[in-house]
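Worksheet: the structure to be examined is printed underneath.
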Amino acid sequence: MGGRTRRRGVVGLLLPVLLAACGGGPTESGGVDVAALRAAVTPELAATIRADGTIPLGELPGPLSLPVIPEAQARELAIAVMRQEFWIAGSLAEDRGGKPVDFATARPCGPALLARSPVVDLTPDLPQEVINFLGARWLILFCDQAGPAAHIAVAAHFPELRVGEDGRLLFPQGRGGSWFEWTGVTWDRRVPAMSTPEAAVLGTHAATGGRVARAPVLMRVPGWGGIHSVWWTPLEQPVRVRPGRDEPRDERDLFWGNMGRYGDAARLLVGREGGRSVELEYEGRPIVLRLVDGMPRELAAGSLGGGQ
């Protein structure tokens with residue numbers, strides 16, 4: 001868990017409005033079939049769908065374990081990371097198949113997304129690096145003149161991290177790391193349609209036949225990098241699903257995303273049977289943290305019934 005962490009993540013989690021911000025692509029409803037979207041959810045959730053075909057993002061029950069920095073601060077920090085071209089240019093170009101980012105024109109495009117922590121008992125007495133590593137993350141997409149270029153993840157529970165008057169990051173001494181992660185992204189027509197909350201609802205409904213009962217919540221996954229997150233799309237009624245090659249079971253809490261491999265197609269994901277906590281070791285000290293109720297420790301590709 002280093003200070004300037006960088007892990008490869010999935011291509012950006014885009015809201016429909018980002019398409020117009022980056023140039024090209026559908027506008028307004030983002031190409032969403034509103035009638036199909038309403039049919040994929042319960043009547044209560046259908047009543048919240050906006051006229052432009054977007055669905056409000058969901059919230060987890062109960063408060064966040066720790067305060068979250070404002071979106072504006074996260075955006076400012078992400079812009080400062082993008083100014084550190086010598087840190088990140090090589091890895092972003094590698095993610096983009098050798099295509100460099102045009103840093104001169106790269107700007108935030110669209111709203112930031114808050115990916116919620118999978119654990120419930122983050123407390124101020126934990127090491128800051130552990131809080132950063134497992135806590136919520138702001139995800140900020142950057143576009144250059146050619147379209148989507150990079151995604152920056154910012155630790156959401158670290159208000160002391162600031163930007164100086166010269167626009168450079170000010171790193172507090174002795175306060176841990178895992179502040180940021182980044183990945184390069186490229187324009188792929190598949191990706192925006194699959195990674196919106198609306199597409200997560202439609203995909204979950206198409207895969208199961210069940211109606212989604214709660215607005216999607218963007219969640220981090222234990223053991224996955226902070227950039228890669230999945231949509232939690234719980235159903236109205238349980239369906240029989242098989243996680244990977246495990247035994248099938250009845251499940252309501254389903255997820256939509258990919259398995260953390262860059263550029264893979266999004267699909268139905270199901271939690272595997274396992275513990276209800278995350279265990280890690282920090283400087284020789286064992287730490288055990290409880291998972292959010294309904295959040296699995298591990299996800300697997302899901303199939304309906306007993307098939308593969």
Side-chain angles (χ1 to χ4, degrees), residues 1-10 12-15 18 56-84 88 108-142 150-163 169-172 174-183 195 197 215-232 255 257 260 278 280 282 287 289-292 295:
M1 290 185 283
R4 299 168 186 176
T5 307
R6 181 259 177 185
R7 289 187 185 83
R8 271 199 164 147
V10 69
L13 296 151
L14 307 178
L15 289 172
L18 302 189
L57 299 187
E59 290 288 343
L60 292 179
L64 286 156
S65 300
L66 293 170
V68 168
I69 64 173
E71 177 182 340
Q73 182 179 350
R75 191 180 295 270
E76 182 184 29
L77 290 166
I79 291 170
V81 171
M82 286 293 285
R83 289 197 181 106
Q84 312 303 313
I88 65 176
C109 44
L113 296 175
L114 182 66
R116 298 289 294 263
S117 171
V119 299
V120 295
D121 45 6
L122 289 176
T123 55
D125 61 308
L126 287 169
Q128 185 65 50
E129 188 168 2
V130 172
I131 292 173
N132 294 347
F133 183 66
L134 286 173
R137 296 249 167 172
W138 282 106
L139 306 179
I140 295 94
L141 177 70
F142 284 77
H151 234 140
I152 307 294
V154 178
H157 305 303
F158 195 46
E160 294 88 350
L161 194 59
R162 298 287 179 181
V163 177
L169 292 165
L170 301 176
F171 291 98
R175 291 302 308 277
S178 296
W179 296 306
F180 307 105
E181 297 177 50
W182 52 83
T183 189
S195 50
V217 180
L218 189 61
M219 295 295 299
R220 297 192 60 193
V221 181
W224 293 7
I227 288 177
H228 180 72
S229 303
V230 297
W231 294 105
W232 191 350
F255 301 83
V278 175
L280 67 155
Y282 182 81
I287 297 174
L289 299 169
R290 293 176 297 122
L291 288 166
V292 171
M295 184 71 195

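Values reported hereafter were calculated over all heavy atoms of this structure, with side chains retained and with hydrogens, waters and symmetry mates removed.
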Side chain to side chain contact (heavy atoms under 4.5 Å, CB included) evaluation trace for M295 with V221: CA-CA 8 Å; M295 184 71 195; V221 181; 4.3 Å; yes

Where I69 and A155 come nearest, the two heavy atoms and their spacing: CD1-O, 3.8 Å

Side chain to side chain, L113 and W138, heavy atoms closer than 4.5 Å: no

4.5 Å side-chain heavy-atom contact, V154 and L161: no

Minimum side-chain heavy-atom gap I287-P127 below 4.5 Å: yes

Test item: L169 and F180 side chains (from C-beta on) under 4.5 Å apart, heavy atoms: yes

Flag, side chain of E76 to backbone of R162, donor-acceptor distance under 3.5 Å: no

For R290, salt bridge (Lys or Arg N to Asp or Glu O under 4.0 Å) partners two or more places apart: D121

Closest heavy-atom pair and its distance - L66, I131: CD1-CG2, 3.6 Å

M82 vs P108 side-chain heavy atoms within contact, under 4.5 Å: no

Electrostatic pair R116:E59 at N-O distance under 4.0 angstrom: yes

V81 vs F142, side chain to side chain contact (heavy atoms under 4.5 Å, CB included): CA-CA, chis, key distance, verdict: CA-CA 11 Å; V81 171; F142 284 77; over 6 Å; no

Considering all heavy atoms, the nearest P197-L57 contact: CG-CD2, 3.6 Å

Least distance between heavy atoms, G257 atom then V230 atom: CA-CG1, 4.3 Å

Side-chain (E181) to main-chain (A153) donor-acceptor, under 3.5 angstrom: no

Validation row: P118, V278 side chains within 4.5 angstrom (heavy atoms): no

Test item: H157 side-chain N/O and P67 main-chain N/O as donor-acceptor pair under 3.5 Å: yes

Check: L218 and L114 side chains under 4.5 Å, non-hydrogen atoms: no

F158 and L77, any side-chain heavy atoms less than 4.5 Å apart: no

P56 versus A215, closest heavy-atom pair with distance: O-CB, 3.2 Å

Short side-chain to backbone donor-acceptor contact, T183 and H151, under 3.5 Å: no

Minimal non-hydrogen separation, G58 against V217, with atom names: C-CG2, 3.6 Å

Between CE on residue M219 and OG on residue S117, distance to nearest 0.5 Å: 7.0 Å

Main-chain N/O of G135 paired with R220 side-chain donor or acceptor, under 3.5 Å: yes

Inter-residue atom distance L141.CG - I152.CD1, 0.5 Å rounding: 9.5 Å

